[in-house]
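This structure is a prediction, so every number in the text was calculated from the model and none was measured. In the text below, chain A, chain B and the rest are named by the order of the sequence lines, each starting its count at 1. Any value given below was found using the heavy atoms of this structure, including those in side chains, with hydrogens, waters and symmetry copies removed.
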Protein chains: 2
Amino acid sequence: MSDAAQLSTSLRRGTLEFCVLAMVEREDCYGTEIVRRLGAERSLATTEGTIYPLLSRLRRVGWLNSEWSESPSGPPRRYYTLTDSGRAALAHFRTEWVSFRQTVDRLVGIGEQ
Amino acid sequence: MSDAAQLSTSLRRGTLEFCVLAMVEREDCYGTEIVRRLGAERSLATTEGTIYPLLSRLRRVGWLNSEWSESPSGPPRRYYTLTDSGRAALAHFRTEWVSFRQTVDRLVGIGEQ
DNA sequence: TGAAGCTACCTTGCGGTGCAAGGTACCATG
DNA sequence: CATGGTACCTTGCACCGCAAGGTAGCTTCA
C-alpha cells in the first residue's frame with residue numbers, strides 16, 4: 001500500500017464508524033450505498049472488506065438495526081437504521097471529536113502558519 | 001478498558017505519531033518528557049508502552065534521529081531530533097489532516113447544530 | 001555503605017480494526 | 001441460458017496502541 005493511502009488508513013480509524021452512523025442517521029442506507037458514498041470522500045474512501053465487518057459490529061453492539069428490503073432491480077438489500085443507543089454514541093462522539101480535533105490542531109500547529 | 005478510553009484510543013491512531021514529530025520539531029525531547037507532555041492532553045494521554053515502540057518506529061523509518069545525553073540528575077536520556085524526511089512527513093500530514101478533519105466535520109455534521 | 005525510591009529506558013503479548021482477496025447468490029438483458 | 005452487474009459476506013493478514021513486566025543508573029538518607 002502506498003504511503004499516502006496508509007496515512008489515510010490510520011486516520012480513518014475510530015472515525016469511520018461514526019461517519020457511517022451519521023450517514024444512516026440522515027437517511028436509512030444499505031451496504032453498497034455506504035461504500036459508494038464514502039468512495040466520494042477522498043479521505044474516507046474504503047471497500048466492502050471494511051464496511052461489511054464494520055456494519056456487523058455496529059449491529060452486534062446495538063447501534064444499528066437492519067431489515068431486508070426488495071430492490072427495484074437486483075438482489076435484496078439490507079437497510080440499516082440508527083437505534084437510540086446508536087444515536088447516543090454518535091452524540092458522544094461529536095463532543096469527543098471536537099475536543100480531539102482542537103488538541104491535534106494545537107499540537108501540530110495548524111492555524112499558526 | 002472503558003468505552004470513553006477506547007474511543008480516544010482509536011482516534012489517536014494515525015495522529016499520535018505526528019503530534020510527537022511536531023513536539024520534537026518545536027524542541028528536542030526525550031521519551032519520558034514526551035509521555036509527560038502528552039499526558040497533559042486529555043485526548044492524547046498515553047503510556048510508555050505506546051511511546052517507546054512508536055519512537056523506535058520513527059527512528060527506523062528515518063523521521064527521527066537520537067543521541068544519548070547525560071542528565072543533570074538521574075540516568076542518561078535519549079534525545080530525539082527531527083530529520084529532513086521527518087520534517088517532510090510532518091508537512092504532508094498537516095495538509096492531509098486539514099482535509100481529513102473537514103471531511104469528518106461535514107459528514108458527522110459538526111457546525112450544523 | 002547499602003537499601004529504598006525515583007527516573008529513564010525497553011520488550012512481550014494481546015486486542016481492535018481496516019483491507020485485500022476471494023466467494024456466493026440473485027436479477028436483468030440479449 | 002450465458003454474461004454481467006448488484007449485493008451480500010468471510011478469511012487471514014498487518015498495523016498500532018496498551019497493559020504489564022523488566023533492567024539499570026542516579027540520589028538520598030539512615
Side-chain angles (χ1 to χ4, degrees), chain A residues 1-21 29-39 41 43-61 63-64 66-80 100, chain B residues 1-20 28-39 41 43-61 63-64 66-80 100:
Chain A
M1 196 189 279
S2 79
D3 278 7
Q6 206 157 14
L7 175 55
S8 310
T9 288
S10 304
L11 284 179
R12 264 190 277 282
R13 290 209 174 227
T15 53
L16 187 56
E17 61 188 294
F18 294 100
C19 291
V20 168
L21 288 183
C29 294
Y30 62 98
T32 301
E33 191 180 10
I34 292 175
V35 173
R36 226 165 14 225
R37 288 193 187 169
L38 288 174
E41 312 287 344
S43 319
L44 289 171
T46 186
T47 68
E48 302 185 333
T50 296
I51 290 303
Y52 283 111
L54 189 158
L55 288 170
S56 299
R57 202 161 59 239
L58 295 178
R59 240 184 315 154
R60 203 165 52 241
V61 301
W63 291 354
L64 289 181
S66 77
E67 50 189 24
W68 287 94
S69 167
E70 293 299 313
S71 162
S73 83
R77 300 163 173 173
R78 190 201 277 272
Y79 276 86
Y80 291 89
F100 173 76
Chain B
M1 196 188 279
S2 77
D3 279 7
Q6 206 159 16
L7 175 55
S8 309
T9 288
S10 304
L11 283 179
R12 264 190 277 281
R13 288 210 176 227
T15 54
L16 187 57
E17 61 188 293
F18 294 101
C19 292
V20 169
D28 294 358
C29 295
Y30 62 98
T32 301
E33 191 180 10
I34 293 175
V35 172
R36 226 164 14 224
R37 289 193 186 169
L38 287 175
E41 312 288 343
S43 319
L44 289 171
T46 185
T47 69
E48 301 185 333
T50 297
I51 290 303
Y52 283 111
L54 189 159
L55 288 170
S56 300
R57 204 161 56 241
L58 295 179
R59 241 185 314 155
R60 205 164 50 242
V61 301
W63 290 355
L64 289 182
S66 77
E67 49 188 26
W68 287 93
S69 167
E70 293 300 312
S71 163
S73 83
R77 300 164 174 172
R78 190 201 276 272
Y79 274 87
Y80 291 88
F100 173 76

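- Distance check: B:Cys29 SG to B:Arg36 CZ gives 10.5 Å after rounding to the nearest 0.5 Å.
- Summarising the geometry, the separation between CG on B:Leu54 and P on C:dT12 is reported as 17 Å, rounded to the nearest angstrom.
- Nearest nucleotide to the side chain of B:Ser71, out of C:dC19, D:dG17, C:dA8: C:dA8.
- Dashed line: the shortest gap from a side-chain N or O of A:Tyr30 to OP1 or OP2 of D:dA7 is under 4.0 Å.
- Between D:dG25, C:dT11, C:dC19, one nucleotide has an atom nearer to the side chain of B:Pro75 than all others, and that is D:dG25.
- In this structure, CD on B:Glu33 lies 12.0 Å from OH on B:Tyr80, to the nearest 0.5 angstrom.
- In this structure, the side chains of A:Val35 and A:Thr46 stay at 4.5 Å or more apart for every pair of heavy atoms.
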Q: Evaluate side chain to side chain contact (heavy atoms under 4.5 Å, CB included) for A:Thr15 paired with B:Phe100, printing each intermediate quantity in order.
A: CA-CA 10 Å; A:Thr15 53; B:Phe100 173 76; 3.3 Å; yes
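- For the pair A:Thr32 and D:dC8, the criterion of a side-chain N or O lying under 4.0 Å from OP1 or OP2 is met.
- Residue A:Gly49 is classed as a base contact, given a heavy-atom separation below 4.0 Å to a base.
- Heavy-atom nearest nucleotides on DNA chain D were determined for A:Ser56 and for A:Ser10, and the one closer to the 5' end corresponds to A:Ser56.
- How far CG of A:Leu38 is from OG1 of A:Thr47: 10.5 Å, rounded to the nearest 0.5 Å.
- Atom pair B:Leu55:CG and C:dC10:P shows a separation of 8 Å (rounding to whole Å applied).
- Contacts between residues 13-20 of chain B and DNA chain C, defined by a heavy-atom separation under 4.0 Å, are made by B:Arg13.
- Between B:Arg37 atom CZ and C:dA8 atom P the separation is 12 Å, expressed in whole Å.
- Taking both residues in full, the closest heavy atoms of B:Leu44 and B:Cys19 are given as CD1-SG, 3.8 Å, listed atom of the first, atom of the second, then distance.
- Between B:Arg77 atom CZ and C:dC10 atom C1' the separation is 17 Å, expressed in whole Å.
- Where A:Arg57 and A:Pro72 meet DNA chain C, the nucleotide closest to each residue was compared, and A:Arg57 sits on the side nearer the 5' end.
- B:Leu55 CG to B:Glu17 CD: the interatomic distance, rounded to the nearest 0.5 Å, is 11.0 Å.
- The side chain of B:Tyr52 has C:dT11 as its nearest neighbour among D:dA7, D:dT27, C:dT11.
- A sub-4.0 Å separation between OP1 or OP2 of C:dC9 and a side-chain N or O of B:Arg78 is absent.
- Residue A:Ser73 places none of its side-chain N or O atoms closer than 4.0 Å to OP1 or OP2 of C:dA28.
- In this structure a side-chain-to-backbone donor-acceptor pair under 3.5 Å is present from A:Arg12 to A:Ser43.
- Remark: B:Ile51 CD1 to B:Thr32 OG1 distance equals 10.5 Å, nearest 0.5 Å.
- Between D:dG21, D:dG25, D:dT10, one nucleotide has an atom nearer to the side chain of A:Pro53 than all others, and that is D:dT10.
- For the atom pair B:Arg77 CZ and B:Asp28 CG, the distance stands at 13.0 Å (nearest 0.5 Å).
- Atom P of nucleotide D:dA19 and atom CD1 of B:Ile51 are separated by 12 Å, given to the nearest angstrom.
- B:Leu7 places its CG atom 16 Å from the C1' atom of D:dC18, with the value rounded to the nearest Å.
- Regarding A:Glu70, its CD atom lies at a distance of 15 Å from the C1' atom of C:dA28, rounded to whole Å.
- The distance between atom CH2 of B:Trp68 and atom P of D:dA24, rounded to the nearest whole Å, is 13 Å.
- Scanning atom types as modelled, one donor and one acceptor separated by under 3.5 angstrom connect the side chain of A:Glu48 and the base of D:dC9.
- The phosphate of C:dA20 (OP1 or OP2) has a side-chain N or O of A:Thr47 nearer than 4.0 angstrom.
- Of all heavy-atom pairs spanning A:Gly14 and B:Ser10, the tightest one is CA-CB, 3.4 Å.
- Of the side-chain N and O atoms in B:Thr9, none sit less than 4.0 angstrom from OP1 or OP2 of C:dG16.
- Of all nucleotides listed (C:dT17, D:dC9, D:dG17), D:dG17 comes nearest to the side chain of B:Arg12.
- For the helix from C:dT1-D:dA30 to C:dG30-D:dC1, the terminal axes (five pairs an end, C1' atoms, rotation from four pairs onto the next four) enclose an angle of 0°, given to 10 degrees.
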